[in-house]
Amino acid sequence: MTESQETLSNLLQENRRFEPPAALAAAANVTASAYTEASADRLAFWETAADRLTWAERWHTTLEWEAPFAKWFVGGKLNIAYNCVDRHVEAGNGDKVAFYWEGEPEGDSRVITYADLQKEVSKAANALTALGVGKGDRVAIYMPMIPELPVSLLACARIGAIHSVVFGGFSATALKSRIDDADAKLVITADGGFRRGAPSALKPTVDEAVAQCPQIEKVLVVRRTGQDVTWTDKDVWWHDLVDSQSEQHTPEAHDAEDPLFILYTSGTTGKPKGILHTTGGYLTQTAWTHNAVFDLKPDTDIYWCTADIGWVTGHSYIVYGPLANGASSVIYEGTPDTPHRGRFWEIVQKYQVTILYTAPTAIRTFMKWGDDIPAKFDMSSLRVLGSVGEPINPEAYVWYREHIGASKAPVVDTWWQTETGAIMISPLPGVTAGKPGAAMQPLPGIVADVVDDQGKSVPNGGGGFLVIREPWPAMLRGIWGDPERYKETYWSRFDGFYFPGDGAKRDDDGDLWLLGRVDDVMLVSGHNISTTEVESALVSHPKVAEAAVVGATDPVTGQAIVSFVILRGNAEEGADIGAELRQHVAKALGPIAKPRQILIVPELPKTRSGKIMRRLLRDVAENRSLGDVTTLTDSSVMNLISEKLPSAKSED
Ligand code: WT7
């Protein structure tokens, strides 16, 4: 293969390695034998994983696969809320803490045991029934990060209603379109939540959406902030209805393939897709991966996933996986900089958190804020660190390991998607020698590959498209109401393989590196260059905290690399910083990857889940008016960036 025909360039070289700590490896929940077992008999491996759950009726067929439609554990019946809550109480662990909830206002906290959770979920399930919600009905949930949120999910799961959580930062239009698409009959919400030190209203947004949604029969409202709300005849207070319900509720067993939830994902463009997940396979894989990837010891670990429950990370790794495993978790309502930039580390110290799961965007923000902030807190309890949501740049990985993990806690970079339901590619902390920036290997039971544009596996050292070759238990079962779009989006690019839309490379040892969305790949003088590699090279410069790069049309090279860079807190913006950074990238990746322009900016445009919106940066780089900015966290960011543009110039 000549260089110009390569599917995706492999430029970044990274030689650092971190062996698993000996003590962790010696006591690890999952050892290297899991890979051998799973490759010898993949279905038997997943059956054993499913046996970690409590089934009311055992399945008769492990997998029915009529591509691209899968059914797992066919004939099996179970109740997810029973598995996540009741069975722990029955096993004598009712006094064990399920959630340490920390509100944003300091001192506002609650401790919820498994016995408390059983009562709360039972009452909420009875309340849903009283509101006329039954099995298969859709319930839209639009809430802050308060205990009633996981309780609502579990109450739906308990009665077989399908929840559709809409992130509490979305607009009335976004909420309305999701209510309509799923045809929900109930909304669960709150008056508001606390964000950045102040009550932030939710109810007015719900009022606006529900006014245009006649199918909504009732709105169940938690009083969280006590702020004024407008009351309509559809509204019911949570404390009036739920608190008066019986604490007894018998969970009915649901079919393994009964729907559990819909979660909308927008991808980069287009109408949001309602990703559908079902019951038995989803809980099997979320529980197994949570146990394996974080090495969870339910009796001693304190686990904290900082995601919002409005995203799939929160569904799978705050609610379902950890509770199925009987974990004790922290839930935090607010933002990392309220009331100060050490809030996360203060929480780690307070609860002696042992496992932390967060996102690269947060890690890079902490790097920007400075090393001195985490250094003020005792975080010696931390023993495993996780990352999810975007490729983690090697420099951010090493910073996370050093400054948060005291250079001893392994970092697990976990690749997955809303669609995959659970972690797919990740190191195992007691097995894998980690490489900063690499998600390493598919987990046992997962068959992933990197292929060229013809669908042929690339050799070690090559780059291309990530595909999943075999069905997996937590896979999406479709797009709500749109089977054609499901086939078209995920199964048409490569015959018989699932295509997640990400680029990847396989290094010389055969380990996997995720390189971002293929839509973001740049074509520079005939080379396909991933934005991730150039961004990582920029972040490896000591003055850089965060970087985003895009390809902009260029008369000479086809596309040219334009970089947007945020400097670290202590770095000076010297006159020649642009030249310095361009040289730095050329040295790290080769001259082909040298950016045409470097723009120093104060912020980057991000989605509310923290992903960089490169599409908007391309608009800026190509001097176009901006496209759709509705999913942007803070639209004033784009003005700050555009102002920087006239001063940007190419240096050679
Ligand atoms: C997309 C999925 C998975 C839960 C949160 C995001 C990117 C996710 C990684 C990672 C490189 C990653 C991919 C993926 N992504 N984790 N560890 N390394 N990229 O869920 O919103 O559905 O986004 O996030 O591009 O396709 P999502």
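Indexing begins at 1, ligand by ligand and atom by atom, following the structure's order.
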Identity and separation of the nearest protein heavy atom to atom 11 (C) of ligand 1
Pro391 N, 3.1 Å
Ser609 N/O to ligand 1 N/O under 3.5 Å
no
Which protein non-hydrogen atom lies closest to atom 7 (C) of ligand 1, naming both residue and atom, and how far is it?
Gly389 O, 3.3 Å
Would you indicate which of His315, Lys611, Arg517 comes nearest to atom 26 (O) of ligand 1 when only heavy atoms are counted?
Arg517
Taking only heavy atoms of Val388, which atoms of ligand 1 are found under 4.0 Å from at least one of them?
3 (C), 4 (C), 16 (N)
Does the structure place the NZ or CZ of Arg178 under 6.0 Å from the centre of the six-membered ring of Phe170, at an angle of no more than 45° from the ring's axis?
yes
Could you tell me which atoms of ligand 1, counted from 1 in the order shown, lie closer than 4.0 angstrom to a heavy atom of Val312?
4 (C)
Are the side chains of Thr418 and Lys273 in contact, using a 4.5 Å heavy-atom criterion?
no
Salt bridge Arg16-Glu14, side-chain N to carboxylate O under 4.0 Å:
yes
Is the ring centre of His315 less than 6.0 Å from the ring centre of His277?
no
Ser387-ligand 1 polar pair, N/O distance under 3.5 Å
no
Suppose we call two aromatic rings close when their centres sit under 6.0 Å apart. Are His290 and Tyr303 close by that rule?
yes
Interfacing atoms of ligand 1 (cut-off 4.0 Å, heavy-atom, Thr414)
9 (C), 10 (C), 16 (N), 17 (N)
Of all the atoms in ligand 1, which lie at a distance below 4.0 Å from a heavy atom belonging to Thr418?
20 (O), 21 (O), 22 (O), 27 (P)
Using the ring centroid of each side chain, check whether Tyr486 and Phe69 are separated by less than 6.0 Å.
yes
Do Val293 and Val384 touch side chain to side chain, with heavy atoms closer than 4.5 Å?
no
Tyr498 ring center near Trp491 ring center (under 6.0 Å)
yes
Quick check on Gly516 - does any of its heavy atoms sit under 4.0 Å from an atom of ligand 1?
no
Do Arg52 and Asn291 have side-chain heavy atoms sitting under 4.5 Å apart?
yes
Here's one to test your reading of the geometry: is the NZ or CZ of Arg493 within 45 degrees of the ring axis of Phe465 and under 6.0 Å from its centre?
yes
Closest approach of any protein heavy atom to atom 14 (C) of ligand 1, naming residue and atom
Asp502 OD2, 3.3 Å
Under 4.0 Å, heavy atoms only, figure out whether ligand 1 is touched by the backbone of Thr420, its side chain, both or neither.
neither
Tell me, please: is Trp415 in heavy-atom contact with ligand 1, that is, under 4.0 Å?
yes
Which of the numbered atoms in ligand 1 are below 4.0 angstrom from a heavy atom of Thr313?
4 (C), 5 (C)
Among Trp513, Trp416, Tyr317, whose heavy atom sits nearest atom 2 (C) of ligand 1?
Trp416
In this structure, atom 10 (C) of ligand 1 is nearest to the protein heavy atom Glu390 O, 3.4 Å
